[in-house]
Amino acid sequence: MQNTNEAVKQDTKLDIAEILSWLQKDGKISVKDYKKCKQRIFKTNVHPLKSIVDCEVADQTQLGRPLTLEALTQWLAGKVDLPYYYIDPLKIDVASVTSIFSQAYSVNYNILPVKVMEDSIIVATAEPYVRGWETDLAKIQKRKLQRVIANPDEIKRYLEEFYAFSKSLKGASANSEHKTGNNIQNFEQLVELGKASDVDANNHHVVNLVSWLLQYAFDQRASDIHIEPRRNQGNVRFRIDGVLHDVYKLPASIMNAVMSRLKILGRMNIAEKRLPQDGRIKTQTSLNKEVELRLSTMPTAFGEKMVMRIFDPDVLLRDFRQLGLNKPEQAVWGRMSGQAHGIILVTGPTGSGKTTTLYSTLKNLAKPEVNVCTVEDPIELIEPSFNQMQVQHNIDLTFASGIRTLLRQDPDIIMVGEIRDLETAEMAVQASLTGHLVLSTLHTNDAPAAITRLLDLGVPEYLIQQTLLGVMAQRLLRVLCNNCKKAVKIDDADWQALIEPLRAEKPKQVYEAVGCNDCRNTGYSGRIGIYEIFENSISLKKLMVEGCDNAMIRKEAVKQGMRPLRFSGAEKVAAGLTTVEEVLRVVPQAIEL
């Protein structure tokens with residue numbers, strides 16, 4: 001920007017009146033909004049950009065949409081000829097950035113190092129003309145300094161979080177120096193730490209580390225937290241929208257302490273490290289939203305690995321449209337789940353959303369006059385309207401014996417976590433024959449394969465014909481970010497690859513992933529289901545014989561109206577919800593009829 005630097009004195013903070021003048025001259029805000037802000041805004045400790053956003057003005061360059069703090073920050077960066085920087089906590093090495101200068105110094109100048117390289121340091125600021133810190137830092141660091149402009153709210157937030165985490169990490173490391181491995185002394189100290197109800201952050205650093213880790217995962221929309229031990233350190237990874245991201249590396253000296261703290265919270269045996277264990281934690285997010293985590297540990301070459309699956313109770317409040325079923329699929333699923341007795345199967349690989357579909361269905365069916373019972377391994381999410389039973393193999397409480405018990409409990413609807421063997425399949429069939437509606441999952445790649453899977457387990461074909469109501473297979477696709485998705489044309493070959501062997505009109509345009517701050521530069525935000533579903537029929541029953549061909553069942557199911565997974569994905573592409581590449585990634589193989 002011409003002559004701006006001359007007009008502003010060295011180490012002077014941004015002046016809100018001057019910023020408003022620049023915005024009005026650049027056509028970013030209207031004259032009316034300019035006057036409104038001038039009347040409302042007074043000099044406070046709030047950053048000028050934040051004060052302008054609080055006035056709720058419209059962005060004239062974006063068709064009158066509300067002017068956001070992020071948009072203002074980007075505008076300011078261009079105005080002062082400095083790079084704009086989006087602070088992505090997943091890509092920041094907290095230990096290295098917090099080692100550049102103290103938290104007090106960072107707070108004083110409201111600056112935050114965001115990247116430390118061998119020959120340079122990138123420092124984020126929201127005050128481009130406050131530069132006194134550069135002179136101080138140049139005397140200490142023999143590396144090139146690069147200033148970037150970042151969102152003032154994000155700088156303040158991550159400044160506090162990063163330094164708090166670093167402080168806890170250093171404190172935990174210091175406390176672990178005099179401890180030796182997993183001895184009894186360490187065990188007793190961790191037990192006392194777990195019993196503490198009012199934890200002092202300065203003295204109980206491990207508690208702070210665990211709290212930070214969980215809140216961080218909630219903020220990043222993670223579905224799973226992986227804590228993985230290695231020879232000299234521990235890796236922490238989050239699964240976001242089905243993709244794993246490296247988050248942090250914990251020193252080996254405190255890896256065991258963090259793991260033990262989590263096991264205490266999950267009511268697990270912290271002394272047992274040789275055998276796999278399961279646990280559960282119920283906690284709250286920073287917005288006081290209740291969240292449940294399911295913990296699972298396993299022994300590895302370098303210690304225990306833990307995976308925490310995060311369950312959002314709000315998922316049970318979603319209707320089938322929000323899950324991704326179109327109207328015909330909703331109608332079929334509604335007819336099947338509305339039957340008084342029979343078996344309904346949901347198939348797909350691990351992590352394809354089967355449990356969410358079943359829980360949402362049971363939630364709709366769980367009326368006061370209906371007794372809904374489940375037998376699960378493990379119980380995924382505690383739901384008060386169900387009667388839920390946990391499989392425990394160590395006392396011979398299996399799926400089969402669980403179903404046998406449930407049949408004595410006067411159930412109307414039974415949900416079986418998974419049909420894994422012939423005994424469980426036979427008990428599910430027996431339950432449906434005695435007047436119960438049974439819902440369960442099966443691990444197959446598509447819906448028609450469920451029939452051949454049951455036959456392979458040894459279930460007689462006449463029982464499948466008599467009890468099976470229908471099967472639904474599903475997958476999860478990442479949803480395009482609405483803020484940055486870009487319209488493009490689709491090639492005939494790409495469209496045909498999605499819809500074959502069926503036919504459908506090619507859309508005039510589809511969308512591709514771009515990447516922005518809202519979606520953390522992935523181009524996607526959230527996930528939605530794609531489905532293939534068929535109801536049992538007389539013609540399908542005739543094909544259900546020992547040694548039947550899966551291709552024949554699929555052909556007949558498609559003839560009766562079943563739409564393959566890829567075709568369901570094509571509908572999502574045409575609706576602008578996802579991309580061709582995402583559908584092909586999730587469903588790599590086309591079907592042949």
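Worth saying up front: this structure is predicted, and the values here are computed from it rather than measured.
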Between D224 and I240, is any pair of side-chain heavy atoms under 4.5 Å apart?
-> no

Can a donor-acceptor pair be found between the side chains of T361 and N364 at a distance below 3.5 Å?
-> no

Quick one: do T374 and I414 satisfy side chain to side chain contact (heavy atoms under 4.5 Å, CB included)? Show the steps, please.
-> CA-CA 6 Å; T374 75; I414 297 174; over 6 Å; no

Q560 and S537: side chain donor to acceptor below 3.5 Å = yes

For the residue pair L442 and I419, what are the closest heavy atoms and their distance?
-> CD1-O, 3.3 Å

Checking L112, N151, D219 against R157 for side chain to side chain contact (heavy atoms under 4.5 Å, CB included), the one that qualifies is D219

On a heavy-atom basis, the closest approach of V372 and S385 is CB-O, 4.5 Å

Verify side chain to side chain contact (heavy atoms under 4.5 Å, CB included) between L250 and Q233, making sure each step is shown before the conclusion.
-> CA-CA 6 Å; L250 289 172; Q233 63 188 14; over 6 Å; no

Distance only, no hydrogens: is a donor on one side chain within 3.5 Å (strictly under) of an acceptor on the other, for T578 and Y524?
-> no

Quickly, which of R563, R566, R554 forms a salt bridge (charged side-chain N to carboxylate O under 4.0 Å, His left out) with D446? Name it, please.
-> R554

Under a 4.0 Å N-O cut-off, is there an ion pair linking E461 with K541?
-> no

Check: A504 main-chain N/O paired with W495 side-chain donor or acceptor under 3.5 Å | yes

Which value, rounded to the nearest 0.5 Å, describes the distance between M336 atom CE and L468 atom CG?
-> 8.5 Å

Under the side-chain contact (heavy atoms from CB on, under 4.5 Å) test, residues paired with H341 that sit two or more places apart | none

Heavy-atom check, side chain of H226 versus side chain of L244, under 4.5 Å | yes

Flag the pair D377 and R420 as a salt bridge only when some basic side-chain nitrogen lies within less than 4.0 angstrom of an acidic carboxylate oxygen.
-> yes

How far apart are the closest heavy atoms of K485 and G576, and which atoms are they?
-> NZ-O, 2.9 Å

Does atom CD1 of I538 have more than 12 heavy-atom neighbours, drawn from other residues, nucleotides or ligands, at distances under 6.0 Å?
-> no

Looking only at non-hydrogen atoms, find the nearest pair between I553 and T452 and report the distance.
-> CD1-CG2, 4.4 Å

If only atom types and distance count, is the side chain of N235 paired as donor or acceptor with the main-chain N or O of K249 below 3.5 Å?
-> no

Report yes or no: do S440 and E418 form a side-chain donor-acceptor pair below 3.5 Å?
-> no

Is it true that Y216 and Y248 have ring centroids separated by less than 6.0 Å?
-> no

Would you confirm whether K572, through its side chain, and G324, through its main-chain N or O, come within 3.5 Å as a donor-acceptor pair?
-> yes

Quick one: do the Q388 and E376 side chains pair a donor with an acceptor below 3.5 Å?
-> yes

Any chance the side chains of E556 and S539 put a donor and an acceptor closer than 3.5 Å?
-> yes

Would the number of heavy atoms belonging to other residues, nucleotides or ligands and lying under 6.0 Å from NZ of K115 be above 12?
-> no

Indicate whether any N or O donor in one side chain lies under 3.5 Å from an N or O acceptor in the other, for T68 and E70.
-> no

I would like to know whether E292 and I281 meet side chain to side chain contact (heavy atoms under 4.5 Å, CB included); could you show each step before the answer?
-> CA-CA 6 Å; E292 201 163 306; I281 297 174; over 6 Å; no

Please assess M117 against I122 for the test side chain to side chain contact (heavy atoms under 4.5 Å, CB included), listing each intermediate value before the final yes or no.
-> CA-CA 8 Å; M117 296 169 283; I122 299 177; 3.8 Å; yes

M552, CE atom: more than 12 neighbouring heavy atoms under 6.0 Å = no

What residues form a side-chain contact (heavy atoms from CB on, under 4.5 Å) with E290, not counting sequence neighbours?
-> K282

State whether the side chain of E582 and the backbone N or O of R478 hold a donor-acceptor pair below 3.5 Å, judged by distance alone.
-> yes

N445 atom CG, over 12 foreign heavy atoms within 6.0 Å | no

Closest non-hydrogen atom pair, G348 against K354 = O-NZ, 3.1 Å

Scan side-chain atoms only and decide if D518 and Y86 contain a donor-acceptor pair under the 3.5 Å cut-off.
-> no

